[in-house]
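Taking it in order: structure first as structure tokens, then the write-up.
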2 protein chains.
Amino acid sequence: MSPRQAQPSDTAASRDTPARDLPHRDVRGGVKGIPEATVARLPVYLRALHGLKERGVMTVSSEELASAAGVNSAKLRKDLSHLGSYGTRGVGYEVEYLVYQISRELGLTQDWVVAIIGVGNLGRALAGYGGFASRGFRVAGLLDADASTVGQRISGLTVEHIDQLETIIKDHGVSIAVIATPASAAQPVCDRVVAAGVTSVLNFAPVVLTVPEGVDVRKVDLSIELQILAFHEQRKAGGPHEEYVEVHQ
Amino acid sequence: MSPRQAQPSDTAASRDTPARDLPHRDVRGGVKGIPEATVARLPVYLRALHGLKERGVMTVSSEELASAAGVNSAKLRKDLSHLGSYGTRGVGYEVEYLVYQISRELGLTQDWVVAIIGVGNLGRALAGYGGFASRGFRVAGLLDADASTVGQRISGLTVEHIDQLETIIKDHGVSIAVIATPASAAQPVCDRVVAAGVTSVLNFAPVVLTVPEGVDVRKVDLSIELQILAFHEQRKAGGPHEEYVEVHQ
DNA sequence: TGATGTGAACATCTTCACAGCG
DNA sequence: CGCTGTGAAGATGTTCACATCA
């Protein structure tokens, strides 16, 4: 029961809770266990499907949907096969039906209550992000420690003082906390939201958060993304400076 | 030479350019090829090392550094072994030396010039992000299409009109573009920056970008992160609604 | 002696190629 | 026939456990 740190994976937003902590067991006794890599792509498919739906497309082949989602068709079919046999051989997938099935699998047929902690530019951007409300995510609170920010109205919500954190989480049943505070505040805030009952954290602060078992942490980190791009830029340009080339083997 | 789309991987910020397009060949003839998963963790190690350095730590064991970075020590050692033998058996790694080696490997010993396109709340947050300047990333321009935004001074830079895009990219040698525009503008903007010579794109817009071969795209997508968290929340709570349980098998 | 570096085992993910079905 | 769904092969990533060496 010792606290664990969010495990960086090969991503900017990395998943906590390795398989050994939360085995992919089907709670109802089966062995469904959708692979993590598939779970991470389902939202992309869902977005592509919504686009098709808006354009009036009723049916889509794995080739078309894969192309819209930026993956190859084999991967798409394998991914969808983990949800069930929702396609029709010789035809493709019914857009509306697939939207429903993926939404249900992702848990988007119910509402999730979110609190955003830290209302700087980033917090404001997040609060105003349309993608929140559009799919089952309801922002129950914006919180900040700065007295001059508290009380401001942003995207239809009034910023509340961080002192209200526990109250808001409990009163609104917040299960997902978005941490957009400065780095130094992130861990203390994380500890508080977890203590108050939050079990999922989306962390924008550039720190590795430590959380108890059973709490999921994903992180989004601009600086890491840029550094990964820099690595590839450098490789395109010819690798690290020549004078050090032979250091490794 | 056909355009390809950014491939979503298991991440919010996913890497473009699968191995078949840019094989991990050492440009100088070797076979170094640091694994992508390792590259994605190096920035995390680097951050942890900077923290240790500031606290005056001179030497660190794989166990300690791994703990600070939120990974296990075997993974850390394997990752570092791809860079070379920079540790001392029985002792550990010299913090300063390792900082330098990782920085060099990531291409942070040189400066990268960045342009941020789209100066909404998100663009402002990015422009003000300290992590930019602190490590080899210089913001050469903030651009926006909105007349009332153009001319504003933000974090020491004046917002310029999107018409200046090509000029700024060429004059400043921008190699990384950060796209923080609305979804509808992202692909056209991406096409323009690529045409002007940019070879790395960090995309915050919720769309799959299509780019020519040789251009790297990574994406950061709040909505996808939340949906992944929702999936795990749902799993903790007992899986998709019971009445549909038997649909799959 | 004690920690690194690494081969080997294991696990996960991707791609291939085609069986099987509407 | 044309497409999905999927075993099998291949590639990549992780962990183990210990040989190796300062």
Side-chain angles (χ1 to χ4, degrees), chain A residues 7-11 14-15 17-24 31 33-42 45 59-67 69-95 97-98 101 247-249, chain B residues 7-11 14-25 31 33-42 45 59-67 69-95 97-98 101 247-249:
Chain A
Q7 299 288 319
S9 74
D10 55 335
T11 82
S14 68
R15 180 170 164 278
T17 341
R20 69 173 177 284
D21 298 327
L22 271 181
H24 285 222
V31 283
I34 297 178
E36 195 54 34
T38 295
V39 171
R41 282 186 295 264
L42 291 179
Y45 302 154
T59 275
V60 68
S61 71
S62 66
E63 201 69 56
E64 293 164 330
L65 181 53
S67 165
V71 300
N72 67 49
S73 62
K75 193 186 278 183
L76 177 91
R77 289 199 303 277
K78 180 73 91 178
D79 282 341
L80 294 185
S81 77
H82 287 113
L83 310 191
S85 286
Y86 296 145
T88 307
R89 291 169 202 243
V91 179
Y93 303 88
E94 202 210 320
V95 172
Y97 186 55
L98 201 48
Q101 291 298 344
V247 171
H248 171 238
Q249 188 47 279
Chain B
Q7 300 287 319
S9 74
D10 55 334
T11 83
S14 70
R15 179 170 165 278
D16 191 9
T17 342
R20 69 173 177 282
D21 297 328
L22 270 181
H24 284 222
R25 57 173 146 57
V31 282
I34 298 179
E36 195 55 34
T38 295
V39 171
R41 283 187 294 266
L42 290 179
Y45 302 155
T59 276
V60 67
S61 70
S62 65
E63 200 70 55
E64 293 163 331
L65 181 53
S67 165
V71 300
N72 67 48
S73 62
K75 194 186 279 182
L76 176 92
R77 288 198 304 277
K78 180 74 90 179
D79 283 341
L80 294 185
S81 77
H82 288 113
L83 311 191
S85 286
Y86 296 145
T88 307
R89 291 170 200 242
V91 179
Y93 303 88
E94 203 210 321
V95 172
Y97 185 55
L98 201 48
Q101 291 299 344
V247 171
H248 170 239
Q249 189 47 279

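As a basis for the values below, the full set of heavy atoms in this structure was taken, side chains included, without hydrogen atoms, waters or symmetry mates.
- Of the possible polar contacts, none joining the B:T88 side chain to the B:V91 backbone as a donor-acceptor pair under 3.5 Å is found.
- For B:Y86 and B:Y97, the ring centers sit closer than 6.0 Å to each other.
- In this structure, B:K75 atom NZ and C:dT12 atom P are separated by 12 Å, rounded to whole Å.
- Applying the 4.0 Å criterion to OP1 and OP2 of D:dT14, one finds that B:N72 has every side-chain N and O outside that range.
- Note that the CG atom of B:L42 and the CD atom of B:Q101 stand 11.5 Å from one another [nearest 0.5 Å].
- In this structure, the CG atom of A:L76 is 15 Å from the C1' atom of C:dC13, given to the nearest Å.
- To the nearest 0.5 angstrom, A:S73 atom OG is 11.5 Å from A:D79 atom CG.
- Across A:I34 and A:H82, no two heavy atoms sit closer than the pair CG1-O, 4.2 Å.
- Proximity of B:T59 to B:Y93: side-chain heavy atoms (C-beta onward) are nowhere separated by under 4.5 Å.
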Exercise. Summarise how protein sits on nucleotides 2-9 of chain C as a single string, 5' to 3': B when a protein heavy atom is under 4.0 Å from the base, S for sugar-phosphate-only contact, - for no contact.
Key: BBBBBBB-
Exercise. State the dot-bracket string of DNA chain D. Criteria: Watson-Crick or G-U wobble, both atom distances under 3.5 angstrom; notation: ( ) intrastrand, [ ] crossing earlier pairs, | interstrand, . unpaired.
Key: ||||||||||||||||||||||
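- By the 4.5 Å heavy-atom criterion applied to side chains, A:L65 and A:V95 are not counted as neighbours.
- Contact check for A:L80 versus A:L98: side-chain heavy atoms found under the 4.5 Å cut-off.
- As a whole-Å value, the separation of B:I34 CD1 from D:dG13 P is 12 Å.
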